[in-house]
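Working notes for the structure below.
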There are 2 protein chains.
Amino acid sequence: MSTSLAQRRRERTRQDILDAAWAVAGDDGLAALALRDIAAAVGMRAPSLYTYFDGKDAILDAMFADGWRQLSEHMDGVDVHTLAPADALAAIATAMAEFCLASLPRYQLMFTPALPGWEPSPEAYAVSVQFLDDAVASLADIGITDPGDVDLWVAITSGLIAQQAANDPTGDRWLRLVPRAAAMFLTETRSHP
Amino acid sequence: MSTSLAQRRRERTRQDILDAAWAVAGDDGLAALALRDIAAAVGMRAPSLYTYFDGKDAILDAMFADGWRQLSEHMDGVDVHTLAPADALAAIATAMAEFCLASLPRYQLMFTPALPGWEPSPEAYAVSVQFLDDAVASLADIGITDPGDVDLWVAITSGLIAQQAANDPTGDRWLRLVPRAAAMFLTETRSHP
DNA sequence: GTCTATAGACGGATAGAC
DNA sequence: GTCTATCCGTCTATAGAC
């Protein structure tokens with residue numbers, strides 16, 4: 001499989017456009033993301049983007065998949081196996097929170113229905129499902145296997161992150177409650193074996 | 001202060017418009033809410049709405065305040081004082097969840113940044129702050145006074161509701177975890193007095 | 001591959017007749 | 001108070017020249 005020079009260059013430009021899209025989303029908000037602005041940020045006019053993407057939805061789709069790929073990389077850096085369960089649980093949740101709060105538009109695109117009328121393509125969605133399956137497997141390694149336990153922990157984690165993102169995106173008012181929440185949760189699950 | 005017949009009639013029409021707006025939002029989604037459709041649902045044309053509201057933002061503002069007024073009424077039906085703390089906590093959270101899931105657009109307008117670029121006016125926002133202050137007072141009655149405890153419980157509750165609303169709006173997969181979450185939370189707060 | 005020009009859709013708001 | 005007609009802005013997407 002020989003990737004020609006032209007193909008490489010095209011792929012680079014595609015990534016430049018995605019990076020520009022993230023930047024624009026960061027400045028103006030995800031909902032205000034417009035092809036004109038993305039193009040301007042990369043030194044083009046809007047119609048030129050159609051050389052690289054089929055349209056706006058295709059760009060959003062690529063951003064979505066890009067986000068989940070970034071999350072996979074980010075979570076690879078968390079070594080669960082050397083930690084006690086409570087610390088492992090807290091480490092996972094903290095890493096997730098770090099990632100979400102590092103880019104609010106990325107968080108919104110990946111986890112919230114912030115874009116009315118848009119939803120990821122089945123292919124892009126599959127990427128997220130794959131990650132979440134892996135996450136459930138990580139919880140199983142810690143000993144969280146009951147579906148209700150998983151649901152409860154996901155709700156607690158996402159609740160803390162959502163509150164932090166909505167009310168204090170640069171602070172740690174809810175973030176610092178993560179270790180406590182992890183200990184609380186583990187104590188409870190163990191008292192009901 | 002004599003409310004004239006004209007004033008009463010005007011107020012009734014305003015409420016008709018709000019009801020129509022909720023109906024349209026329920027059908028098409030909050031983001032697709034358009035003056036034309038609201039007007040049609042109430043038997044008018046869009047410009048006529050300007051007789052009753054200053055514009056779209058004013059309508060959203062009235063809907064927002066309307067929602068919080070409805071929530072106040074709904075929560076007045078929950079009698080906390082006859083219950084044990086864990087049951088009281090669960091009852092409050094369950095009532096909140098019921099309210100949120102009864103109307104997804106209402107939930108989105110009140111609790112989520114579902115409308116890019118829109119935020120309630122200071123007056124409308126004050127209504128929500130007043131309610132939340134009352135809610136914190138209710139928690140204090142149960143013995144939850146530490147700010148960190150309050151934040152944690154709010155995060156847990158909102159996390160469960162958000163998961164339920166996003167993934168299973170008509171079911172109870174997360175809702176049924178509320179009593180367990182309440183017991184877990186109370187056990188934890190009491191072990192750290 | 002990039003551009004200009006423009007189509008086509010949508011939605012909020014306003015003017016002015018009735 | 002309600003209407004018709006219209007303006008204005010925004011945005012995605014396409015046609016066709018270069």
Side-chain angles (χ1 to χ4, degrees), chain A residues 3-18 20-21 23-25 27-64 105 109 114-121, chain B residues 3-25 27-64 105 109 114-121:
Chain A
T3 52
S4 78
L5 210 70
Q7 279 173 332
R8 279 168 179 269
R9 162 137 190 86
R10 179 187 169 81
E11 200 49 46
R12 261 206 11 166
T13 306
R14 274 177 60 100
Q15 190 58 50
D16 288 346
I17 291 169
L18 284 189
V24 172
D27 289 342
D28 305 344
L30 201 53
L33 193 66
L35 295 187
R36 293 187 212 318
D37 298 332
I38 300 174
V42 82
M44 288 181 180
R45 305 292 184 142
S48 304
L49 299 180
Y50 286 81
T51 302
Y52 302 96
F53 292 95
D54 281 343
K56 188 182 184 181
D57 282 4
I59 294 182
L60 289 171
D61 228 48
M63 293 172 75
F64 183 86
L109 183 65
L115 276 150
W118 178 82
E119 44 184 33
S121 69
Chain B
T3 53
S4 76
L5 209 70
Q7 278 174 331
R8 279 167 180 268
R9 163 141 190 82
R10 179 187 169 81
E11 199 50 45
R12 260 205 12 167
T13 305
R14 275 178 60 100
Q15 190 58 50
D16 288 344
I17 291 169
L18 285 189
D19 292 343
W22 285 122
V24 172
D27 290 341
D28 305 342
L30 201 53
L33 193 66
L35 294 187
R36 285 167 170 70
D37 298 332
I38 300 174
V42 80
M44 287 181 181
R45 305 291 184 141
S48 303
L49 299 180
Y50 285 81
T51 304
Y52 300 96
F53 291 96
D54 282 343
K56 188 182 185 182
D57 282 4
I59 293 181
L60 289 170
D61 228 49
M63 292 172 76
F64 181 86
L109 183 64
L115 277 157
W118 178 80
E119 44 185 33
S121 69

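Each chain gets a letter, A, B and so on, in the order the sequences are listed, and its residues count up from 1. What you are looking at is a predicted structure, and each value in this text was computed from that prediction instead of being measured. Hydrogens, waters and symmetry mates are skipped; everything else that's a heavy atom, side chains included, is used.
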Over all heavy atoms of both residues, which pair between B:Ala39 and B:Ala46 is shortest? Give the atoms and the distance, please. CB-N, 3.5 Å
Side-chain donor-acceptor pairs of residues 54-64 of chain A under 3.5 Å, sequence neighbours excluded:
| unit_1 | atom_1 | unit_2 | atom_2 | d |
| --- | --- | --- | --- | --- |
| A:Lys56 | NZ | A:Leu33 | O | 2.8 |
| A:Asp61 | OD1 | A:Ser121 | N | 2.8 |
| A:Asp61 | OD2 | A:Ser121 | OG | 2.4 |

Net bend of the helix from C:dG1-D:dC18 to C:dC18-D:dG1, end axes of five pairs each, nearest 10 degrees: 10°
Counting only non-hydrogen atoms, which of residues 49-61 of chain A are less than 4.0 Å from DNA chain C? A:Thr51, A:Tyr52
Tell me which residues in residues 30-40 of chain B put a heavy atom below 4.0 Å from DNA chain D, sorted by number, or none. none
Residue mapping more 5' on DNA chain D - nearest nucleotide basis, B:Ala6 or B:Pro47: B:Ala6
Distance col, row B:Tyr50:OH vs B:Leu35:CG, nearest 0.5 angstrom, shows 5.0 Å
Using residues 11-24 of chain B as the side-chain source, report each donor-acceptor pair under 3.5 Å to any protein atom, sequence neighbours left out, with the distance given to one decimal.
| unit_1 | atom_1 | unit_2 | atom_2 | d |
| --- | --- | --- | --- | --- |
| B:Thr13 | OG1 | B:Arg9 | O | 3.1 |
| B:Arg14 | NH1 | B:Tyr52 | O | 2.8 |
| B:Gln15 | NE2 | B:Asp19 | OD1 | 3.1 |
| B:Trp22 | NE1 | B:Asp66 | OD2 | 3.2 |

Kindly say whether A:Thr51 contributes a backbone atom to a donor-acceptor pair with the side chain of A:Arg10 at under 3.5 angstrom? yes
B:Arg45 atom CZ is separated from C:dG12 atom P, nearest whole Å, by 16 Å
Atom CG in B:Leu30, atom CG in B:Leu115: separation rounded to 0.5 Å? 4.0 Å
Of all nucleotides in DNA chain D that come within under 4.0 Å of a heavy atom of chain A, which is furthest toward the 5' end and which toward the 3' end? D:dC11 to D:dT14
